[in-house]
There are 2 protein chains.
Amino acid sequence: MTKSEQTRSLIVDTALRLFAERGYDKTTMRAIATEAGLSVGNAYYYFGSKEHLIQGFYDRIQELHFAACAEILATETDFETRMRRMLLAWVDIAEPYRAFGAQFFRNAADPASPLSPFSVESTEVRNRHIALHSTVLNESTAKVDGELREVLPELMWLYHMTVVLYWVHDRSPHSATTRMLISRTTPLIARLVGLSRLKVFRTITRDGVQLFRDLGWFPSPPKPE
Amino acid sequence: MTKSEQTRSLIVDTALRLFAERGYDKTTMRAIATEAGLSVGNAYYYFGSKEHLIQGFYDRIQELHFAACAEILATETDFETRMRRMLLAWVDIAEPYRAFGAQFFRNAADPASPLSPFSVESTEVRNRHIALHSTVLNESTAKVDGELREVLPELMWLYHMTVVLYWVHDRSPHSATTRMLISRTTPLIARLVGLSRLKVFRTITRDGVQLFRDLGWFPSPPKPE
DNA sequence: GCCTGATTTTGAACATGTTCAACGTCTCGT
DNA sequence: ACGAGACGTTGAACATGTTCAAAATCAGGC
């Protein structure tokens, strides 16, 4: 690890600690710089803005989530169970950050922000996450309509994002309500996915998949600066 | 209209004009105050923050949208057509604000913000909007499963919010992609709603509706200050 | 008309994210 | 070892949302 990488880590560590202690808004760039033992300007040399520090939060969560999923996905084969446990694991991991996690999504919802899950800058993280959903699906025993199968991981990711949106609004202890949402929607989804092969559904499934394809991703993701 | 109301209107008018001219971020509170012919502090006497000015934007859009829908809903009886035209009317009306509309949703996504469509402060606007969706449904010829019918307007509103989320990311000319999304999802939804009465669907519909009810609205909406 | 309290208005001061010109340090070819 | 250019660092200055004590204005009672 180079000196420069060390400094980056140091800044992210300090920032996340302070965010956890006082919340995002209450943590000033001056405080972060001071705590990390460098000047304000120097922090800006490494991170273009305060928002960019949040990327460290995302990366950390994703890393922990992937590790937690490895166990689950190695032993479980039922589609619904895999998906449910994968999502619940995410909630477990994100739990400590919930208090100030909401602050982050203010930026995430801004299409112009590089932190938006739909942004070009997030492509790599997003694709890695979609790949995780692929694994959940492909190594399961689920029987899925052929056409749907191809886009299903992306749809599952969108479903995950919806759960996250719900989660940031969730004030219940231990994110209980979000957990309920997950435990009760995954069976519904699994059933719908199963039904996708029925004749009555065939045409509607096909139309839906075709529309999703025609839209590509989001209409025209923000250009990289 | 009292003097005080006039001043409020004046501020909102000035702000919206400047937002449209230069965008949200580029418009400073100082500029708004100067243009409106008052002091910065005075603007803060009427609006708690810059964000609060955005409420004026929402109100204006809703008013125009309701007016536009009146015509449509008076003549058309087909459910899918009513819903589609209602949504397309929204896009028409919001079009001029699209360039900076995205900025607004940064706040809307923050659960702590009174501007969030899910917030307690937005209850009235939200209910009025849900009532509009009720009208779209109830005065149409659509045949819907009884249980589903009760919650469908709320679900339609959530669908509308999803379209709006898509719209803020849309960079295509004349919001063409969003329009395509609308024109092609409404038939799917209408078909699904129709299918809701089929036997295969009955149980899944019932479970979905029950879950929606159990969740209440969002888990625990932010308390009013 | 004048007093009193409420309402409204002011602008300077403050907090904080961000920029930038200047300066230091490190690397590497000669 | 030296010079040059790249890389890293600094802190003061800037921009802008927000606050607040003071002043101005207004409304109503006498």
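Chain A is the first sequence line, chain B the second, and so forth, proteins listed ahead of strands; every chain is numbered from 1.
Applying the side chain to side chain donor-acceptor pair (under 3.5 Å) test to A:T186 and every residue at least two apart in sequence or in another chain returns A:E80. Annotation: side chain to side chain donor-acceptor pair (under 3.5 Å) contacts of A:R8 (sequence neighbours excluded): none. With sequence neighbours excluded, the residues satisfying side chain to side chain donor-acceptor pair (under 3.5 Å) with A:E150 are A:R213.
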Counting primed atoms, P, OP1 and OP2 as sugar-phosphate and everything else as base, the B/S/- map of nucleotides 6-17 of chain D against protein heavy atoms under 4.0 Å is -SBBBB-B--BB
Can you give me every donor-acceptor pair (side chain of residues 34-45 of chain A, partner residue at least two apart or in another chain, under 3.5 Å) with its distance?
from  : atom 1 : to    : atom 2 : distance (Å)
A:T34 : OG1    : A:R30 : O      : 2.7
A:E35 : OE1    : A:R17 : NH2    : 2.9
A:S39 : OG     : A:N42 : N      : 3.3

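Here salt bridge (Lys or Arg N to Asp or Glu O under 4.0 Å) pairs that include residues 172-187 of chain A, with residues two or more places apart or in two chains, are A:D92-A:R179, A:E95-A:R179, A:R184-B:D214.
For the pair B:Q6 CD and C:dT7 P, the interatomic distance rounds to 19 Å; values are reported in whole Å.
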